[in-house]
Undergrad: 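Got a structure here, written out as structure tokens. Questions coming.
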Amino acid sequence: MASEYLVPEHALTYVISGEFGINKFGKKYTYGAGESVLFKRNELARFTKDPLGETPFSCVTIFFMQPFLQKYYTTNAPAQAFLKEEHESYLKMIPFCTDPLFESLFNSVLPYYKYSNPLPQELISMKLMEAMTILRTINKKGTDSILSDFAEPGKIDLGDFMEKNFTYNVNLERFGYLTGRSLATFKRDFQKTFNTTPQKWLLQKRLEQAHFLLTTNKKKPSEVYLEVGFENLSHFSASFKQMFGYNASSL
DNA sequence: CGCTGCCAAAAGGCGCAAAT
DNA sequence: ATTTGCGCCTTTTGGCAGCG
């Protein structure tokens, strides 16, 4: 069961086998074999990749980089001229049911993984174009709302964003980027709003959340540490003891 | 001048491996 | 399954230069 937090580029994931889970907006979405999801870039979420019974998890993902999309949308006009606010009001992720078009695309892409040499750029471009055509055939407005949005993250309320997202374990540079700031100004603004350094605040916040889950929800340390934003149990338990004076396992 | 990005040294948080 | 030890590397800190 792997866990990731952020996809930096737009991505189309096709589930071959097993179960793909996404925790976002406080809900859990799961997708099985044959289904696919289009993600908007720079969205924080928690992903799970689990086997289903005997079959192991397996999936293919196509990334749509900005230069390709810039070029694509200069020759192919979006479904409509989106305003900035409209982009934001649309979905950040679009699920697709099993579809013969996706099936053919990904079945043709899959054998490439056996090819040891680097793929010709032309071939990659062709497959990206194919993917674009299929996506827009099935849901033009939806895919364009995601893929034709070239706006960089704007300068948003730092305190609000951090309170909502402190359980995601991403580095400070990315937190800065996501709130529309450089690393330096992120830290300066952080100091103004919270009166501490990001690292200290994050550590305390995550440990408090963990303490809450351990006591009121009766969870075990091994179930909690990933959920609140730690990457390994060893550091979690050491930090926990240092902050509260007793071991996490003693609750 | 205030705001911002960049840089180097120092600190201590972090994650791996080993121990319990 | 959880904790401890330890070395690496992210983060902190503070100074400096560029830009409006």
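Per chain, numbering begins at 1; letters A, B, ... match sequence-line order.
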Undergrad: Could you state the atom-to-atom distance from CG of A:Asp189 to P of B:dG2 in whole Å?
TA: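 It works out to 17 Å between those atoms.
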Undergrad: In terms of side-chain heavy atoms of A:Pro198, which of B:dC16, C:dT11, C:dT12 is nearest?
TA: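 Ranking B:dC16, C:dT11, C:dT12 by closest atom to the A:Pro198 side chain puts C:dT12 first.
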Undergrad: OP1, OP2 of C:dT3 versus side-chain N and O of A:Asn247: anything below 4.0 Å?
TA: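 So the side-chain polar atoms of A:Asn247 do come within 4.0 Å of the phosphate oxygens OP1 or OP2 of C:dT3, strictly under.
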Undergrad: Could you give the CZ-to-P distance, from A:Arg174 to C:dT10, as a whole number of Å?
TA: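 Taking atom P of C:dT10 as the reference, CZ of A:Arg174 is at 14 Å.
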Undergrad: Take atom CZ of A:Arg206 and atom P of B:dG13, then tell me their distance rounded to the nearest Å.
TA: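 Roughly 13 Å, once rounded to whole Å.
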Undergrad: Which whole-number value in Å describes the distance from A:Phe194 CZ to C:dT12 P?
TA: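 From A:Phe194 CZ to C:dT12 P: 14 Å.
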Undergrad: Which nucleotide wins on minimum distance to the side chain of A:Lys187, given the candidates B:dG15, B:dC6, C:dT12?
TA: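 Nucleotide nearest to A:Lys187's side chain: C:dT12.
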Undergrad: Please report, rounded to the nearest Å, how far the C1' atom of C:dT2 is from the NE2 atom of A:His235.
TA: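 To the nearest whole Å, that distance equals 15 Å.
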Undergrad: Kindly indicate whether the side chain of A:Ser239 and the base of B:dC14 share any N or O donor-acceptor pair separated by less than 3.5 Å?
TA: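 Answer no: no donor N or O sits under 3.5 Å from an acceptor.
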Undergrad: Can you find a side chain N or O atom of A:Ser249 that sits less than 4.0 Å from OP1 or OP2 on C:dT3?
TA: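 A:Ser249 to C:dT3 OP1/OP2: side-chain N or O found under 4.0 Å.
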Undergrad: Quick check for you: to the nearest 0.5 Å, what is the distance between A:Glu130 atom CD and A:Leu135 atom CG?
TA: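 Output value for this atom pair is 10.5 Å.
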Undergrad: Measure CG/A:Leu203 against P/B:dG15 and give the value in whole Å, please.
TA: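 Answer to the nearest Å: 11 Å.
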Undergrad: Whole Å only: how far is the CG atom of A:Leu233 from the P atom of C:dT4?
TA: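 Taking CG of A:Leu233 and P of C:dT4, I get 12 Å after rounding.
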Undergrad: Would the distance check show the side chain of A:Thr143 and the main-chain N or O of A:Lys140 forming a donor-acceptor pair, the cut-off being under 3.5 Å?
TA: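 Pair found, side chain donor or acceptor close to backbone of A:Lys140.
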Undergrad: Categorize A:Leu183 for me: base, sugar-phosphate, or nothing, with a 4.0 angstrom heavy-atom threshold over every strand shown.
TA: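 The answer is nothing, as A:Leu183 stays clear of every strand by at least 4.0 Å.
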Undergrad: Just to be sure I understand the rule, does A:Ser182 reach a base, reach only the sugar-phosphate, or reach nothing, if contact means heavy atoms closer than 4.0 Å?
TA: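 Counting heavy atoms under 4.0 Å across all strands, the contact made by A:Ser182 is with sugar-phosphate only.
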Undergrad: Between A:Phe186 and A:Asn169, which residue's closest nucleotide on DNA chain B lies nearer the 5′ terminus?
TA: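 Comparing both residues, the 5'-ward one is A:Phe186.
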Undergrad: Please compare A:Leu172 and A:Arg188 by the position of their nearest nucleotide in DNA chain C and report the one closer to 5'.
TA: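 Upstream on the strand: A:Leu172.
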Undergrad: What is the separation between atom CG on A:Asn195 and atom P on C:dT12, rounded to the nearest whole Å?
TA: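 Atom-to-atom, A:Asn195 to C:dT12, this comes out as 15 Å.
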Undergrad: For the side chain of A:Asn171, counting heavy atoms from C-beta on, which of C:dT11, C:dT3, B:dG5 is nearest?
TA: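 Nearest to the side chain of A:Asn171 among the choices is C:dT11.
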Undergrad: Side-chain N or O of A:Ser222 less than 4.0 angstrom from OP1 or OP2 on C:dA1?
TA: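 False: A:Ser222 side-chain N/O out of range (4.0 Å or more) of C:dA1 OP1/OP2.
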Undergrad: Going through the distances and angles, do A:His10 and A:Phe39 end up as a ring-ring contact (aromatic ring centres under 6.0 Å, His included)?
TA: CA-CA 6 Å; A:His10 301 309; A:Phe39 297 105; over 10 Å; no
Undergrad: Looking across every strand, which nucleic acid part, if any, lies under 4.0 Å from A:Lys241 by heavy atom: base, sugar-phosphate, or nothing?
TA: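 Counting heavy atoms under 4.0 Å across all strands, the contact made by A:Lys241 is with sugar-phosphate only.
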Undergrad: The side chain of A:Gln199 lies closest to which of these nucleotides: C:dT3, B:dG13, C:dT2?
TA: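 Between C:dT3, B:dG13, C:dT2, the one nearest the side chain of A:Gln199 would be B:dG13.
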Undergrad: Do A:Asp144 and A:Tyr73 have side-chain N/O donor and acceptor atoms under 3.5 Å apart?
TA: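 Yes.
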Undergrad: Is it the case that one hydrophobic cluster holds both A:Phe194 and A:Tyr168, taking links as side-chain heavy atoms less than 4.5 Å apart, direct or via other members?
TA: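 In one cluster with A:Phe194: A:Tyr168, yes.
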Undergrad: Would A:Arg206 and A:Ser239 count as having a side-chain donor-acceptor pair, cut-off 3.5 Å?
TA: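 Their side chains do not contain a donor-acceptor pair, so the 3.5 Å distance test is not met.
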Undergrad: So does A:Thr197 get a side-chain nitrogen or oxygen closer than 4.0 Å to the phosphate oxygens (OP1/OP2) of C:dT12?
TA: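 Checking A:Thr197 against C:dT12: at least one side-chain N or O falls below 4.0 Å of OP1 or OP2.
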